[in-house]
Engineer: 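Have a look at the structure that comes next, please.
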Amino acid sequence: MTPRDASDDANDRFNEPGRPASGPWSDLDRPPLNSASLRRALVREGGLWSSLDVVPVIGSTNTDLAGRADRLSEGAVLVAEEQKAGRGRLDRTWTAPARSGLFFSVLLKPGDVPVQHWGWLPLLTGVAVATGLSRAAGVDTALKWPNDLLVTVAGEERKAGGILAERAGAEGVVVGIGINVSLREDELPVPAAGSLLLAGAATTDRDPLLRAVLRSLEDWYGRWRAAGGDPSVSGLQETYAAGCATLGRKVRAELPGDRSVVGEAVAVDGDGRLVLATEDGVQEPVGAGDIVHLRAV
């Protein structure tokens, strides 16, 4: 039985008319995703999404999709109800209870876009996720450069999601997305974590949330490709800057090689790098590293 068949059978049993809410799902506030319904809504001729599979559990959706990238069409989507070895940036782990969030990866093959613009893909995904969640969940979201999704919980800024983009196969990029949806306070992995539920989301139903995010990602990816990957022409650079909570703040950039730079984040340049104005009067672009916000807005 393929992963798709297994997921469909599980969802069909759960949604069978007249069937009581019982079975392998111990938390009835966290029903499984309906993969068949999601495919009907998102996979269409002429659209970006070419396939959509939901699996009950997996090590990492990014690792699995990347391993099959050369055999899959662009627009493949792999969703896991639970990840056992989910990965974030800088080899960090991402774990959460089953069905408490959206954990998925998408395969993109932007062969008509110059490779030097591909670095914008994680930032593009951040804009798309923030836009989709704001519309579907009614939650104000912000982006921490380069790829964290922030929400406000009890007046405090917390991380509710993250993005990891990796080259895959000969011509692909796999973008992994993790979003805490219904995590409760006692389930948070660290105090700085948050969730849509804790931020007062209008809904924690993952089906419409996933649809909104994937439709927003299709829209922004289409604009970016139509502009040849140009972040200015596509409107991506301006939109990212408008929603970036890092800009205008004093930050510390922890860089490879145990080096760090402190300065005010003043811009996101045309290559997607964060530009820091240091106390020495130097503007230093940062393309990779960990950013620590040192003061509130």
Side-chain angles (χ1 to χ4, degrees), residues 42 47-49 62 74-75 77 88-89 102 104-137 139-151 159-168 171-179 209-249 251 253 265-276 283 285-289 291 297:
L42 294 164
L48 173 60
W49 309 121
N62 256 34
E74 179 178 43
V77 181
R89 289 181 61 249
L102 290 171
F104 64 101
S105 298
V106 302
L107 175 62
L108 304 175
K109 296 185 177 183
D112 53 348
V113 173
V115 173
Q116 62 263 32
H117 292 317
W118 289 21
W120 273 95
L121 282 171
L123 282 71
L124 180 156
T125 303
V127 168
V129 171
T131 302
L133 291 180
S134 294
R135 291 172 179 169
V139 171
D140 289 333
T141 56
L143 299 167
K144 178 185 173 187
W145 188 91
N147 58 3
D148 288 347
L149 180 75
L150 305 178
V151 297
K159 178 179 174 178
I163 295 158
L164 178 65
E166 301 176 293
R167 287 294 297 266
E171 57 182 12
V173 177
V174 168
V175 182
I177 302 163
I179 304 166
L209 295 177
L210 181 57
R211 294 184 199 193
V213 168
L214 287 174
R215 285 169 176 155
S216 180
L217 181 51
E218 179 175 12
D219 176 50
W220 273 106
Y221 182 66
R223 294 191 214 181
W224 178 75
R225 285 190 72 165
D230 188 306
S232 178
V233 173
S234 64
L236 177 59
Q237 186 174 5
E238 180 181 4
T239 304
Y240 184 88
C244 181
T246 303
L247 292 180
R249 300 173 79 152
V251 305
V266 295
V268 175
D269 70 12
D271 294 320
R273 299 176 299 180
L274 185 68
V275 180
L276 302 185
Q283 292 204 344
V286 174
I291 300 297
V297 174

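Numbers here are sequence positions counted from 1. Keep in mind that this is a model prediction, so the values were computed, not measured.
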Engineer: Do the side chain of Asp271 and the main chain of Arg273 share a donor and acceptor less than 3.5 angstrom apart?
Structural biologist: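 No, the answer is negative, given that no donor and acceptor are paired below the 3.5 Å cut-off.
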Engineer: Tell me whether Trp49 contacts the main-chain N or O of Leu214 through its side chain, where contact means a donor paired with an acceptor under 3.5 Å.
Structural biologist: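 Yes, the answer is positive, given that a donor and an acceptor are paired below the 3.5 Å cut-off.
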Engineer: Between Gln237 and Pro231 (side chain of the first, backbone of the second, donor and acceptor by atom type, cut-off under 3.5 Å), is there such a pair?
Structural biologist: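 Looks like no, no N/O pair under 3.5 Å.
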Engineer: Go through the steps for Leu274 and Leu247 under the test side chain to side chain contact (heavy atoms under 4.5 Å, CB included), then give the verdict.
Structural biologist: CA-CA 9 Å; Leu274 185 68; Leu247 292 180; 3.9 Å; yes
Engineer: Quick one: pull up CG in Leu276 and CH2 in Trp145 and give me the separation to the nearest 0.5 Å.
Structural biologist: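 Rounded to the nearest 0.5 Å, the CG-CH2 separation comes to 8.5 Å.
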Engineer: CG of Leu124 to CG of Leu108: how many Å apart, nearest 0.5 Å?
Structural biologist: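 Going from CG on Leu124 over to CG on Leu108, the span is 8.5 Å.
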Engineer: If you round to the nearest 0.5 Å, how far is NE2 of His117 from CG of Leu236?
Structural biologist: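 So the gap between those two atoms works out to 11.5 Å.
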Engineer: Do you know which two heavy atoms are closest between Gly172 and Leu107, and how far apart they sit?
Structural biologist: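 Nearest heavy atoms, Gly172 then Leu107: CA-CD1, 4.4 Å.
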Engineer: Does this structure show an ion pair linking Asp219 with Arg215, if we count only N-O contacts that are shorter than 4.0 Å?
Structural biologist: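 The answer is no: the pair does not qualify as a salt bridge.
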Engineer: Does anything in residues 112-135 pair up under salt bridge (Lys or Arg N to Asp or Glu O under 4.0 Å), and if so which pairs, sequence neighbours excluded?
Structural biologist: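 Sorted pair list: Asp112-Arg225.
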Engineer: Check whether Ser234 reaches the backbone of Trp224 with its side chain - one donor and one acceptor, N or O, closer than 3.5 Å.
Structural biologist: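 No, because the side chain of Ser234 does not come within donor-acceptor range (under 3.5 Å) of the backbone of Trp224.
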Engineer: Considering all heavy atoms of both residues, which atom of Leu143 and which atom of Gly126 are nearest to each other, and what is their separation?
Structural biologist: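 In this case the closest contact between Leu143 and Gly126 is CD2-O, 3.4 Å.
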Engineer: Given 3.5 Å as the limit, does a donor-acceptor pair link the side chain of Asn147 with the main chain of Pro122, or not?
Structural biologist: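 Such a contact is absent between Asn147 side chain and Pro122 backbone.
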Engineer: Can you name the closest pair of heavy atoms from Val151 and Ala160 and give their distance?
Structural biologist: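 Smallest heavy-atom distance, with atoms named: CG2-CB, 3.8 Å.
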Engineer: Using modelled atom types only, decide if a donor and an acceptor are shared between the side chain of Ser134 and the backbone of Ala130 within a distance under 3.5 Å.
Structural biologist: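 Yes, because the side chain of Ser134 sits within donor-acceptor range (under 3.5 Å) of the backbone of Ala130.
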Engineer: If you round to the nearest 0.5 Å, how far is CH2 of Trp120 from CG of Asp230?
Structural biologist: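 Result: 9.5 Å between the selected atoms.
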Engineer: Please list, chain by chain and in numerical order, all residues satisfying side-chain contact (heavy atoms from CB on, under 4.5 Å) with Lys144, sequence neighbours excluded.
Structural biologist: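 Applying side-chain contact (heavy atoms from CB on, under 4.5 Å) to Lys144 gives Asp148, Leu150, Thr246, Ile291, His293.
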Engineer: How close do Pro285 and Gln283 get, heavy atom to heavy atom, and via which atoms?
Structural biologist: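 In terms of heavy atoms, the two residues are closest at CD-O, 3.7 Å.
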Engineer: Start with the C-alpha distance between Leu133 and Val139, add both sets of side-chain angles, then the distance that settles side chain to side chain contact (heavy atoms under 4.5 Å, CB included), and finish with yes or no.
Structural biologist: CA-CA 7 Å; Leu133 291 180; Val139 171; 6.0 Å; no
Engineer: How many angstroms lie between CD1 in Ile163 and CG in Leu149, if you round to the nearest 0.5 Å?
Structural biologist: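 With rounding to 0.5 Å, CD1 (Ile163) is 7.5 Å from CG (Leu149).
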Engineer: To the nearest 0.5 Å, how far apart are CG in Leu121 and CZ in Arg167?
Structural biologist: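 Answer for the CG-CZ pair, Leu121 versus Arg167, is 10.0 Å.
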Engineer: Donor-acceptor pair, Glu218 side chain versus Leu48 backbone, under 3.5 Å?
Structural biologist: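 Yes, the answer is positive, given that a donor and an acceptor are paired below the 3.5 Å cut-off.
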Engineer: Please report the shortest heavy-atom distance between Ala212 and Ala136, naming the atom on each side.
Structural biologist: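 Between these two residues, the closest heavy atoms are CB-CB, 3.6 Å.
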Engineer: Check the pair Leu123, Val268 against side chain to side chain contact (heavy atoms under 4.5 Å, CB included), reporting the backbone distance first and the verdict last.
Structural biologist: CA-CA 10 Å; Leu123 282 71; Val268 175; 4.1 Å; yes
